[in-house]
Amino acid sequence: MKTVVAALLFLAIAVPRAGAGDPRHPVLDPLVEKGGWRLLEPVRTFGTDNLYEEIDGEAELFLPYGMERLTVAVLGRSARPGSEVRLELFRMASPRDAYGIWSQYRYPDQEVLRIPPSEAVVSDTSADFFRGETFVRIRSKPGDGSRNDVVGIATEIVALLPGSGAPPEEARALDGLPGRVSGSILYQKRAMLGYECLAPGFETKFSTDTASGHYLLLPTAADGGSGRKARLARELPGYREVDPALFNAQIPSGNVWMTPEGGCVIAVAGKISRDQAEPLLSSFARRLQGICSPPP
């Protein structure tokens, strides 16, 4: 009996929990129970009212994407004393919002690792990915085994999280556009090109032999896009109707050429002429078949 009590006391010390009576955590509990990882600190959770206490300066980025809860855990490999990994699990309002936050940390030329069904941006000390409604951020203490730590724990977490790791269909449509710059697709909730009226929407950079700039996709709205188009006309500088299917605005970074496509508005923006823009818009529209159907 004394041996059993001593063992239980050891586990209580070696595997700290956030508090007595806490509900079982679908990711942290299986990680620890498998024996490969141990908690180094009590688990902490944050909501919308106190998120700034943990990520001051970043809270304003997460909140527009419907952040509901942040869970923070610091873990170490059971077999490697001195290892340390900080794990942040952001529960967002929807898979699209989780993707949107992930896209804010995705840049061209970063190393990307496929962890099916997800895609993680990785370095020797970090990994960022999303699955379902959860955005996952992993940071490891630098050291000889840090890369193995972040890739190893990311692989285990992907298997524990429900939902898809695939980007939204709008992002997939942008993926094959002419001249698209790899790693530049964003889902923006607050503003695009500095204008709130363009959000929410998707954007990506492009560069061709004759032009460069941004593709914009403003998704289907419940009103078929009429309300958004009216707001664009009010708020974008130099807005004019070139013809019934082509609109133009002039912002500091260049022209914005827009056309309705089903219930969406698609655009190319940059130092680009009408003759350069129209073929790009045509290619864009062909990629969107079935995505921008007007609402019933």
Side-chain angles (χ1 to χ4, degrees), residues 18 25-32 36-37 39-48 50-77 83-143 145-167 171 183 185-189:
H25 195 281
V27 172
L28 297 177
D29 286 319
L31 274 178
V32 172
W37 300 92
L39 288 165
L40 303 179
E41 299 176 4
V43 176
R44 292 171 292 143
T45 59
F46 302 87
T48 57
N50 64 347
L51 182 63
Y52 69 93
E53 295 176 5
E54 184 67 13
I55 56 169
D56 191 20
E58 287 186 290
E60 291 77 10
L61 171 63
F62 281 83
L63 293 175
Y65 289 86
M67 200 286 301
E68 297 175 354
R69 182 177 66 255
L70 165 62
T71 302
V72 179
V74 180
L75 304 102
R77 278 198 184 274
S83 63
E84 183 176 308
V85 172
R86 176 185 169 91
L87 172 62
E88 298 175 348
L89 301 167
F90 293 86
R91 174 77 178 197
M92 310 305 295
S94 69
R96 177 173 296 221
D97 290 300
Y99 167 83
I101 284 293
W102 179 80
S103 74
Q104 303 298 317
Y105 291 91
R106 173 79 167 96
Y107 303 101
D109 302 322
Q110 285 178 305
E111 181 182 355
V112 175
L113 177 67
R114 286 288 301 164
I115 309 177
S118 295
E119 181 180 81
V121 176
V122 299
S123 73
D124 286 346
T125 58
S126 67
D128 297 332
F129 64 93
F130 79 97
R131 188 167 185 193
E133 293 86 3
T134 304
F135 167 65
V136 181
R137 189 158 65 176
I138 301 167
R139 299 293 181 265
S140 174
K141 185 171 75 173
S146 60
R147 184 180 180 88
N148 286 336
D149 288 345
V150 296
V151 172
I153 199 168
T155 302
E156 292 189 58
I157 291 170
V158 164
L160 293 169
L161 286 170
S164 172
I185 297 176
L186 296 170
Y187 175 50
Q188 302 278 30
K189 290 294 286 284

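Atom set for the values below is all heavy atoms of this structure, side chains included, hydrogens, waters and symmetry mates excluded. Keep in mind it's a predicted model, so treat the numbers as computed, not measured.
- The side-chain contact (heavy atoms from CB on, under 4.5 Å) test with Arg139 is passed by exactly one of Asp128, Val74, Val150: Asp128.
- Note that the OG1 atom of Thr71 and the CZ atom of Arg91 stand 10.0 Å from one another [nearest 0.5 Å].
- Relative orientation of the Phe90 and Phe62 rings is parallel, given thresholds of 30° and 60° on the angle between their planes.
- Shown are Leu89, Val122, Val151, Leu87; of these, the side-chain contact (heavy atoms from CB on, under 4.5 Å) with Ile138 is made only by Leu87.
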Steps toward side chain to side chain contact (heavy atoms under 4.5 Å, CB included) verdict (Phe129, Val121)
CA-CA 7 Å; Phe129 64 93; Val121 176; over 6 Å; no

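- Shown here for Gly132 and Ala98, the closest heavy-atom pair between the two residues is O-CB, 3.5 Å.
- Applying the side-chain hydrogen bond (donor to acceptor under 3.5 Å, both in side chains) rule to Asp124 yields the partners Arg147; only residues at least two apart in sequence or on another chain are considered.
- Put simply, the side chain of Met92 reaches to within 4.5 Å of the side chain of Ile101, judged on heavy atoms.
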Leu186 vs Gln104, side chain to side chain contact (heavy atoms under 4.5 Å, CB included): CA-CA, chis, key distance, verdict
CA-CA 7 Å; Leu186 296 170; Gln104 303 298 317; 4.2 Å; yes

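- Using a distance-only test at 3.5 Å, with no hydrogens or angles considered, a donor-acceptor pair links the side chain of Lys189 to the main chain of Pro64.
- A donor-acceptor contact shorter than 3.5 Å links the side chain of Ser83 to the backbone of Arg77.
- Looking at Leu161 and Val27, their side chains come closer than 4.5 Å, going by heavy atoms from C-beta outward.
- Formation of a donor-acceptor pair under 3.5 Å by the Gln110 side chain with backbone atoms of Tyr107 is found in this model.
- Side-chain contact between Thr48 and Glu68 is absent, with no heavy-atom pair separated by less than 4.5 Å.
- Between Val158 and Pro117 there is a side-chain heavy-atom pair separated by less than 4.5 Å.
- A distance of 8.5 Å separates CG of Leu39 from CG of Leu31, quoted to the nearest 0.5 Å.
- Partners of Glu88 by side-chain hydrogen bond (donor to acceptor under 3.5 Å, both in side chains), not counting sequence neighbours, listed by chain and number: Arg86, Arg137.
- Both tests pass for Arg96 against the ring of Tyr187: distance under 6.0 Å to the centre and angle within 45° of the axis.
- Nearest heavy atoms, Gly165 versus Ser118: CA-OG, 3.6 Å.
- For the atom pair CD (Glu58) and CG (Leu63), the distance works out to 11.5 Å, reported to the nearest 0.5 Å.
- Put simply, the side chain of Asn148 never gets that close to the backbone of Gly145: no donor and acceptor are under 3.5 Å apart.
- Applying the side-chain hydrogen bond (donor to acceptor under 3.5 Å, both in side chains) test to every pair with at least one member in residues 152-166, sequence neighbours left out, gives these pairs: Lys34-Glu156, Trp37-Glu156.
- Using a 30° and 60° split on the angle between ring planes, Tyr99 and Phe130 fall in the perpendicular class, above 60°.
- When all heavy atoms of Gly100 and Ser103 are compared, the pair lying nearest together is O-OG, 2.7 Å.
- Remark: the backbone N or O of His25 is paired with a side-chain donor or acceptor of Asp29 at under 3.5 angstrom.
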Begin from the C-alpha positions of Ser94 and Asp97 and carry the test side chain to side chain donor-acceptor pair (under 3.5 Å) through to its verdict.
CA-CA 5 Å; Ser94 69; Asp97 290 300; 2.7 Å; yes

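- Using a 4.5 Å heavy-atom threshold, the side chains of Thr45 and Leu70 count as separate.
- Residues Ile185 and Ala171 approach most closely at CD1-O, 3.5 Å, considering heavy atoms.
- Taking the six-membered ring wherever Trp is involved, the centroid distance between the rings of Tyr105 and Phe135 falls below 6.0 Å.
- Judged by distance alone, with hydrogens and angles left aside, the side-chain atoms of Arg131 form a donor-acceptor pair with the main-chain N or O of Gly163 at under 3.5 Å.
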Show your reasoning for whether side chain to side chain contact (heavy atoms under 4.5 Å, CB included) applies to Trp102 and Val136.
CA-CA 8 Å; Trp102 179 80; Val136 181; over 6 Å; no

Does the pair Arg44 and Glu54 meet the rule for a side chain to side chain contact (heavy atoms under 4.5 Å, CB included), with working shown?
CA-CA 10 Å; Arg44 292 171 292 143; Glu54 184 67 13; 2.8 Å; yes

